[in-house]
K.L.:
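Can you read through this structure? Questions will come right after.
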Amino acid sequence: KYAQYVKEYTEIVKVCRFERLTQPKFDLDKMFVGEPITQSVEETDVIAAADYARPKYGKVAIAVKKLRSAWSETTMSLQANLEQERLEDSLEEVYMKRIATDYEDLAWNGDSSNVGTTPRDLLLKRLDGWSKLTAGAHVIDAGGASINRHMWSEAIRAMPKMYAND
């Protein structure tokens, strides 16, 4: 139920792959098809077997880093509340939405060099997020110039081939 809530209450995590873990370090199998496999052909064209698309297989090394989400409620708040027996369900939903938001924030904005002490800093220092991991990747420095045709050409050439046709 936990993973279901996390997927339900986030946007980007919905498209991420979820795996049940049995150990903190392992290799995750991956399959990748990077080039377009659909082509314009005539009815009589014959495609050679060598031209058929084939996936690339590999592995990604995974090292899990532990996170903890903790909260508490007083006995009095559980006994004397407007929702009565529905309070626990409401609290679970509210906390799961917050946890999902935390995970999404960590995925995007994580920075292991963070030295702050706020609750958000303590979360974000756990790992490097996508913003940090992609900083500087395929950057074209225009030196302050306005965008022009040459700059677009340079950006397309710097882009990995598998994305050039998207």
K.L.:
Could you tell me which residues satisfy side chain to side chain contact (heavy atoms under 4.5 Å, CB included) with V33, sequence neighbours excluded, listed by chain and number?
P.N.:
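V33 satisfies side chain to side chain contact (heavy atoms under 4.5 Å, CB included) with I37, P55 once adjacent residues are dropped.
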K.L.:
Can you list everything that forms a salt bridge (charged side-chain N to carboxylate O under 4.0 Å, His left out) with D45? Sequence neighbours excluded, please.
P.N.:
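In terms of salt bridge (charged side-chain N to carboxylate O under 4.0 Å, His left out), with neighbours along the sequence ignored, D45 is linked to no residue.
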K.L.:
For Y9, check ring-ring contact (aromatic ring centres under 6.0 Å, His included) against everything at least two apart and list the hits.
P.N.:
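Checked Y9 against ring-ring contact (aromatic ring centres under 6.0 Å, His included); matches are Y5.
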K.L.:
What residues, two or more places apart in sequence or in another chain, satisfy ring-ring contact (aromatic ring centres under 6.0 Å, His included) together with W130?
P.N.:
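Testing W130 for ring-ring contact (aromatic ring centres under 6.0 Å, His included), a comparison that skips the adjacent residues, returns W108.
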K.L.:
Just checking R149: does its CZ atom have more than 12 heavy atoms from other residues, nucleotides or ligands closer to it than 6.0 angstrom?
P.N.:
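Check fails, neighbour count at 12 or below.
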K.L.:
Rounded to the nearest 0.5 Å, what separates atom OG1 in T101 from atom CG in L106?
P.N.:
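Rounded to the nearest 0.5 Å, the OG1-CG separation comes to 12.5 Å.
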K.L.:
Applying salt bridge (charged side-chain N to carboxylate O under 4.0 Å, His left out), can you list everything that pairs with K97, at least two apart in sequence or on another chain?
P.N.:
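With sequence neighbours excluded, K97 shows a salt bridge (charged side-chain N to carboxylate O under 4.0 Å, His left out) to E93, given in chain and number order.
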K.L.:
Taking the side chain as every heavy atom from C-beta outward, state whether W152 and I147 have any atom pair closer than 4.5 Å.
P.N.:
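With C-beta onward as the side chain, the pair touches.
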K.L.:
Sequence neighbours left out, what passes side chain to side chain contact (heavy atoms under 4.5 Å, CB included) with I99? Give chain and number order.
P.N.:
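Result, side chain to side chain contact (heavy atoms under 4.5 Å, CB included) vs I99: Y2, S69, W71, M96, Y103.
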K.L.:
Let me confirm one number: the CG-CG distance from N114 to D121, rounded to the nearest 0.5 Å.
P.N.:
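Those atoms lie 4.0 Å apart.
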K.L.:
Under 4.5 Å between any side-chain heavy atoms of D27 and I62, yes or no?
P.N.:
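The answer is no; the side chains never approach within 4.5 Å.
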K.L.:
When rounded to the nearest 0.5 angstrom, what is the spacing between CG in L67 and CG in L127?
P.N.:
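Reported value, rounded in 0.5 Å steps: 7.0 Å.
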K.L.:
Within a 6.0 Å radius of atom CD on Q23, are there more than 12 heavy atoms belonging to other residues, nucleotides or ligands?
P.N.:
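Yes, because the 6.0 Å sphere around CD of Q23 holds more than 12 heavy atoms from other groups.
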K.L.:
Could you give the distance from NZ (K59) to CG (L28), rounded to the nearest 0.5 Å?
P.N.:
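If we round to the nearest 0.5 Å, K59:NZ and L28:CG are 8.5 Å apart.
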K.L.:
To the nearest 0.5 Å, what is the distance between CG on D102 and OG1 on T10?
P.N.:
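Result: 11.5 Å between the selected atoms.
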K.L.:
Look at the side chain of R126 and the backbone N and O of K66, then say whether any donor-acceptor pair between them is shorter than 3.5 Å.
P.N.:
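Answer holds: yes.
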K.L.:
For residues K132 and S112, determine if any side-chain heavy atom of one lies less than 4.5 Å from a side-chain heavy atom of the other.
P.N.:
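Yes. Closest side-chain heavy atoms under 4.5 Å.
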